[in-house]
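Report on the structure given below.
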Amino acid sequence: VYRTKLTLSGATALNGTSSRTRASNDDVAQVTFNNIGSSELTVATVIVQLSGIALKGDLANSFDVRLLKSDNTAFGSVTNPSTCTTGIDENNSCSVSFSPAFAISGNGSQTVKVRLNSASFFNASSSGQEGLSVFLAATTDVLWNDGTTGAIPLEAGAVPFTLADITYN
């Protein structure tokens with residue numbers, strides 16, 4: 001039995017979902033981490049999955065992804081951007097891993113946004129063809145600890161958890 005519980009809520013695409021303009025500071029989604037319990041918890045690992053034709057080609061191996069609090073400050077110890085840890089695969093997908101070590105007080109919450117550099121994303125000849133999905137795929141895409149037990153995954157019913165489905169113009 002854990003001392004508290006982590007849930008996710010409020011997944012929202014930011015700045016619209018269709019005909020988005022590619023940008024070096026592209027805020028694509030936000031999600032709220034909720035501590036349902038009186039004890040403090042620490043978010044240890046967050047793995048964001050990205051998938052879609054917008055990632056087509058090897059250009060996306062170098063794009064930056066950040067997790068930021070709503071005031072644009074770092075989410076815990078994540079001060080530098082991350083890139084796709086696995087490179088872009090044949091399905092135009094990749095994962096980006098963060099280790100925020102971010103504490104959330106009892107019965108507290110923290111909203112986090114996903115910012116990426118989409119400036120060099122694939123540009124198809126037809127507008128609206130460059131889709132991107134941002135999501136959490138597995139229970140182990142978020143690991144947290146309750147002060148006693150570490151590496152606690154999300155509950156099975158919490159995933160897949162879509163943060164945003166967007167298209168670029």
Side-chain angles (χ1 to χ4, degrees), residues 6-35 41-57 59-89 91-104 108-123 128-144 153-155 158-169:
L6 177 68
T7 64
L8 304 174
S9 66
T12 306
L14 298 173
N15 304 314
T17 59
S18 61
S19 297
R20 294 172 59 97
T21 301
R22 292 165 192 77
S24 58
N25 287 313
D26 190 359
D27 294 340
V28 295
Q30 72 179 19
V31 61
T32 302
F33 292 79
N34 303 293
N35 182 351
L41 66 78
T42 302
V43 178
T45 303
V46 178
I47 302 173
V48 176
Q49 308 291 333
L50 304 164
S51 180
I53 198 73
L55 302 181
K56 183 178 179 180
L59 64 96
N61 285 316
S62 62
F63 73 96
D64 292 339
V65 181
R66 294 180 181 272
L67 290 183
L68 300 169
K69 295 190 296 186
S70 56
D71 64 0
N72 291 322
T73 59
F75 178 51
S77 61
V78 180
T79 56
N80 295 316
S82 290
T83 57
C84 289
T85 54
T86 57
I88 306 303
D89 66 20
N91 297 316
N92 300 313
S93 299
C94 74
S95 60
V96 183
S97 183
F98 301 92
S99 299
F102 186 81
I104 301 175
S109 64
Q110 178 62 58
T111 299
V112 176
K113 64 182 168 182
V114 178
R115 174 179 288 171
L116 51 85
N117 180 350
S118 61
S120 60
F121 278 8
F122 178 69
N123 193 353
Q129 299 291 322
E130 308 86 6
L132 178 69
S133 293
V134 182
F135 58 98
L136 305 172
T139 57
T140 53
D141 281 355
V142 176
L143 296 175
W144 58 281
L154 293 172
E155 292 184 338
V159 291
F161 190 85
T162 300
L163 302 178
D165 283 318
I166 58 179
T167 59
Y168 292 92
N169 62 14

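Being a predicted model, the structure only gives us computed values, none of them experimental.
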Kindly give the heavy-atom pair with the smallest separation between [X] and [Y], and that separation in Å.
X: Val46; Y: Phe75; result: CG2-CE2, 4.4 Å
X: Lys113; Y: Lys69; result: CE-O, 3.9 Å
X: Leu132; Y: Ala54; result: CB-CB, 4.3 Å
X: Trp144; Y: Val43; result: CB-CA, 4.1 Å
X: Phe135; Y: Ala137; result: CE1-CB, 3.8 Å
X: Thr139; Y: Glu155; result: CG2-O, 3.7 Å

Side chain of [X], backbone of [Y]: donor and acceptor closer than 3.5 Å?
X: Asn15; Y: Asp27; result: yes
X: Ser95; Y: Val48; result: no
X: Ser82; Y: Ser97; result: yes

For a 4.5 angstrom cut-off between non-hydrogen side-chain atoms, does [X] reach [Y]?
X: Asn169; Y: Arg22; answer: yes
X: Phe98; Y: Val112; answer: no
X: Phe33; Y: Pro100; answer: no
X: Ile47; Y: Gln49; answer: yes

Test side chain to side chain donor-acceptor pair (under 3.5 Å) on Ser24 and Asn117 and set out the steps.
CA-CA 4 Å; Ser24 58; Asn117 180 350; 5.3 Å; no
Do Tyr168 and Phe121 have their ring centres less than 6.0 Å from each other?
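They qualify: ring centres under 6.0 Å apart.
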State the [atom1]-[atom2] distance between [X] and [Y], to the nearest 0.5 angstrom.
X: Ile53; Y: Ser133; atom1: CD1; atom2: OG; value: 12.0 Å
X: Lys56; Y: Glu130; atom1: NZ; atom2: CD; value: 10.5 Å
X: Leu14; Y: Ser70; atom1: CG; atom2: OG; value: 10.5 Å
X: Leu6; Y: Ser109; atom1: CG; atom2: OG; value: 11.0 Å
X: Thr45; Y: Leu143; atom1: OG1; atom2: CG; value: 4.5 Å

Report the C-alpha distance between Ser18 and Thr167 in whole Å, list the side-chain angles of each, state the deciding distance to 0.1 Å, and finish with yes or no for side chain to side chain donor-acceptor pair (under 3.5 Å).
CA-CA 5 Å; Ser18 61; Thr167 59; 5.0 Å; no
Sole candidate of Leu154, Val159, Leu163, Asn34 that passes side chain to side chain contact (heavy atoms under 4.5 Å, CB included) when paired with Leu8
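Of the listed residues Leu154, Val159, Leu163, Asn34, the side chain to side chain contact (heavy atoms under 4.5 Å, CB included) partner of Leu8 is Leu154.
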For Val114, the option from Leu68, Val65, Asp26 that meets side chain to side chain contact (heavy atoms under 4.5 Å, CB included)
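It is Val65, the one option of Leu68, Val65, Asp26 that forms the side chain to side chain contact (heavy atoms under 4.5 Å, CB included) with Val114.
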Taking atom types as modelled and ignoring hydrogens, do the side chains of Arg115 and Asn72 form a donor-acceptor contact shorter than 3.5 angstrom?
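On atom types as modelled, these side chains qualify, holding a pair under 3.5 Å.
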